[in-house]
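Let me begin by presenting the structure, written as structure tokens, before commenting on it.
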Amino acid sequence: MPTADELLSAHTVQDLARRLAPAAGPRPPGRPAPALEACASSLDGLTFSGRVAAVRDAALADLPDDWAAFEAAVRGALADPGFDGWMTFPVGEAVAVRGLASGPAAFEPALALLRDLTPRLTAESAVRPFLRTDRDRALALMGPWVEDPDPHVRRLVSEGTRPRLPWAPQLPESVADPRPALPLLDALYRDDSDYVRRSVANHLNDISRDHPELAVETAGRWLAAPAATTGRVARHGLRTLVKAGRADAMTVLGHAPDAPVTVRGPAVATARVAVGEYLVFDYALTNDADTPAELVLDYVVHHVKANGSRTPKVFKLATRTLVPGETLTGTRRHSFKPLTTRRYFSGEHLVQLQVNGRIRGEAAFRLDAG
């Protein structure tokens with residue numbers, strides 16, 4: 001992953017200052033020297049979000065306070081092809097601050113400005129304050145964007161309205177009730193752009209975390225009127241539910257929880273494992289039916305906790321279609337290398353095979369944590 005400095009470096013901010021200066025026009029009497037120039041030399045030690053906030057505030061200080069003049073300045077910068085990439089990200093955040101502070105009349109032109117800004121990188125974070133302020137109005141204004149010729153704009157509709165966009169503040173109203181945004185997803189799930197469709201799938205996955213039944217119902221509706229790409233969108237959108245072994249998600253994707261398969265394993269080849277080593281196990285599945293079997297195969301490791309109880313974690317193995325009588329075999333090496341995100345404890349652990357959400361075999365092994 002790029003570092004904060006690689007995304008918003010001093011050089012990038014200096015470049016932004018140069019590109020905004022002509023668009024902003026001459027400084028009025030009494031306005032201090034450009035804040036962006038000073039900001040560029042004060043970024044050391046800041047996280048990415050800290051840099052975004054600092055550059056946003058500096059841009060707000062340099063650009064006009066009046067909304068019409070502010071909008072004209074940003075649109076002037078958009079006329080410059082070099083106004084592009086990560087330098088535009090904090091400018092989008094500045095558009096959100098200035099637009100919402102300028103009263104209801106600026107709500108629509110500010111969102112339109114973000115629509116025009118998003119092809120330079122993305123405005124997916126900057127549209128969210130508008131959704132938190134007046135979701136119904138924002139969704140109504142964003143609705144026609146699903147037909148925009150630019151896939152970046154169409155993606156903004158789906159990505160910006162995600163209830164739980166990972167690196168941006170949540171939309172609590174949408175976490176509680178995601179249904180108002182569903183018509184937008186319905187218009188985009190068959191989009192020509194994989195970039196857009198992947199965002200739709202991620203939005204559906206967000207919904208699945210709080211409203212699993214609604215997510216499954218939505219995926220089922222899309223699969224009933226599919227494009228060639230819809231199966232992939234539905235699978236990616238329901239991935240959290242599939243990993244959890246939820247039966248209705250498995251069923252809507254064609255993975256019958258009670259598929260007639262014979263499961264052998266997990267056969268553990270390393271009954272005792274030390275931290276830093278690998279658990280090794282074999283497995284085999286045979287389709288006993290006279291029709292093809294659509295199988296999602298995972299494995300579950302139950303880690304011993306400090307109090308002696310166990311906690312499960314699911315890992316992917318394979319997704320396969322087995323013809324009648326076909327057998328799938330494999331060997332898995334599961335690493336127990338030290339992790340900063342997990343502390344290992346000695347004791348008897350379990351590994352299980354999960355087929356279409358159902359546990360179909362388990363074995364014990366001992367982990368020595370040292």
Can you get from [X] to [Y] by hopping between Ile, Leu, Val, Met, Phe, Trp and Tyr side chains that sit under 4.5 Å apart?
| X | Y | result |
| --- | --- | --- |
| Trp145 | Val200 | yes |
| Leu204 | Leu253 | yes |
| Val314 | Leu350 | no |
| Leu111 | Leu139 | yes |
| Tyr283 | Tyr278 | no |

Distance in Å, [X] [atom1] paired with [Y] [atom2], rounded so as to fall on 0.5 Å steps:
| X | Y | atom1 | atom2 | result |
| --- | --- | --- | --- | --- |
| Asp15 | Phe83 | CG | CZ | 10.5 Å |
| Leu214 | Leu182 | CG | CG | 5.5 Å |
| Asp80 | Arg19 | CG | CZ | 4.5 Å |
| Asp134 | Asp136 | CG | CG | 6.0 Å |
| Arg179 | Ser174 | CZ | OG | 11.5 Å |
| Arg333 | Thr331 | CZ | OG1 | 10.0 Å |

Parallel, tilted or perpendicular, judged at 30° and 60°: which one describes the rings of [X] and [Y]?
| X | Y | answer |
| --- | --- | --- |
| His303 | Phe315 | perpendicular |
| Phe130 | Phe107 | perpendicular |
| Trp222 | Tyr189 | parallel |

Problem - Any donor-acceptor N or O pair under 3.5 Å, side chains Asn307, Ser309 - result: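 Yes, side-chain donor-acceptor contact under 3.5 Å.
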
Exercise for the section: Would you kindly say whether His236 and Asn202 are connected by a side-chain donor-acceptor distance under 3.5 Å? Expected result: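 The criterion, which ignores hydrogens and geometry beyond distance, is satisfied for Asn202 and His236.
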
Problem - Check: His334 ring centroid to Phe281 ring centroid under 6.0 Å - result: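 For His334 and Phe281, the ring centres are not under 6.0 Å apart.
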
Exercise for the section: State yes or no: are the ring centers of Tyr195 and His152 separated by less than 6.0 Å? Expected result: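 Yes, they do, as the ring centres are separated by less than 6.0 Å.
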
Are any non-hydrogen side-chain atoms of [X] and [Y] less than 4.5 angstrom apart?
| X | Y | result |
| --- | --- | --- |
| Arg18 | Gln14 | yes |
| Ser49 | Trp167 | no |
| Ile207 | Thr218 | no |
| Val301 | Pro312 | no |
| Val323 | Asn287 | no |
| Val261 | Val355 | yes |
| Arg120 | Leu78 | yes |
| Leu295 | Asn356 | yes |

salt_bridge([X], [Y]) N-O dist < 4.0 Å:
| X | Y | value |
| --- | --- | --- |
| Arg135 | Glu173 | yes |
| Arg310 | Glu348 | yes |
| Asp282 | Arg264 | no |
| Glu326 | Arg320 | yes |
| Lys316 | Asp298 | yes |

Practice task
Check the surroundings of atom CG in Asp192: do more than 12 heavy atoms from other residues, nucleotides or ligands lie under 6.0 Å from it?
Solution key: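 No - once you tally the heavy atoms of other residues, nucleotides and ligands closer than 6.0 Å, there are 12 at most.
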
Exercise for the section: Determine the minimum heavy-atom distance between Ala40 and Ala10, stating which atoms define it. Expected result: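 Between these two residues, the closest heavy atoms are O-CB, 3.1 Å.
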
Problem - Nearest heavy atoms of Leu60 and Ala94, plus distance in Å - result: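 The answer is CD2-O, 3.6 Å.
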
Give a yes or no on whether the backbone of [Y] and the side-chain of [X] come within a donor-acceptor separation of less than 3.5 Å.
| X | Y | result |
| --- | --- | --- |
| Arg128 | Gly160 | yes |
| Ser42 | Cys39 | yes |
| Arg232 | Arg197 | no |
| Glu277 | Ala274 | yes |
| Ser9 | Glu6 | no |
| His255 | Glu294 | yes |
| Asn205 | Leu238 | no |
| Arg98 | Glu93 | no |
| Asp368 | Gly370 | no |
| Thr118 | Leu114 | no |

Handout entry: From CA spacing to verdict: side chain to side chain contact (heavy atoms under 4.5 Å, CB included), Thr270, Phe336
Key = CA-CA 12 Å; Thr270 50; Phe336 277 96; over 6 Å; no

Exercise for the section: Go through the steps for Val273 and Arg366 under the test side chain to side chain contact (heavy atoms under 4.5 Å, CB included), then give the verdict. Expected result: CA-CA 6 Å; Val273 183; Arg366 178 169 183 81; over 6 Å; no

Exercise for the section: Take Leu328 and Leu322 through the test side chain to side chain contact (heavy atoms under 4.5 Å, CB included) and record every step on the way to the result. Expected result: CA-CA 8 Å; Leu328 170 67; Leu322 298 187; 4.0 Å; yes

Problem - Residue pairs fulfilling salt bridge (Lys or Arg N to Asp or Glu O under 4.0 Å) with at least one residue in residues 142-167, sequence neighbours excluded - result: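 Residue pairs with at least one partner in residues 142-167: Glu124-Arg155, Arg154-Asp191, Arg155-Glu159, Glu159-Arg162, Arg162-Asp206, Arg164-Asp210.
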
Problem - Check against salt bridge (charged side-chain N to carboxylate O under 4.0 Å, His left out), Arg246 and Glu213 - result: CA-CA 10 Å; Arg246 190 175 169 100; Glu213 295 89 353; 3.3 Å; yes

Exercise for the section: Report the residue from Glu362, His349, Gln352 that forms a side chain to side chain donor-acceptor pair (under 3.5 Å) with His302. Expected result: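 Between His302 and the candidates, side chain to side chain donor-acceptor pair (under 3.5 Å) is satisfied uniquely by Gln352.
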
Handout entry: Step-by-step side chain to side chain contact (heavy atoms under 4.5 Å, CB included) determination, Leu36 to Leu20
Key = CA-CA 9 Å; Leu36 279 168; Leu20 282 183; 3.7 Å; yes

Exercise for the section: Evaluate side chain to side chain donor-acceptor pair (under 3.5 Å) for Thr286 paired with Thr262, printing each intermediate quantity in order. Expected result: CA-CA 5 Å; Thr286 301; Thr262 297; 5.8 Å; no

Practice task
Return the set of residues passing ring-ring contact (aromatic ring centres under 6.0 Å, His included) with Phe70 (not counting sequence neighbours), or none when no residue passes.
Solution key: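 Scan of Phe70 (ring-ring contact (aromatic ring centres under 6.0 Å, His included), adjacent residues dropped) gives Trp67.
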
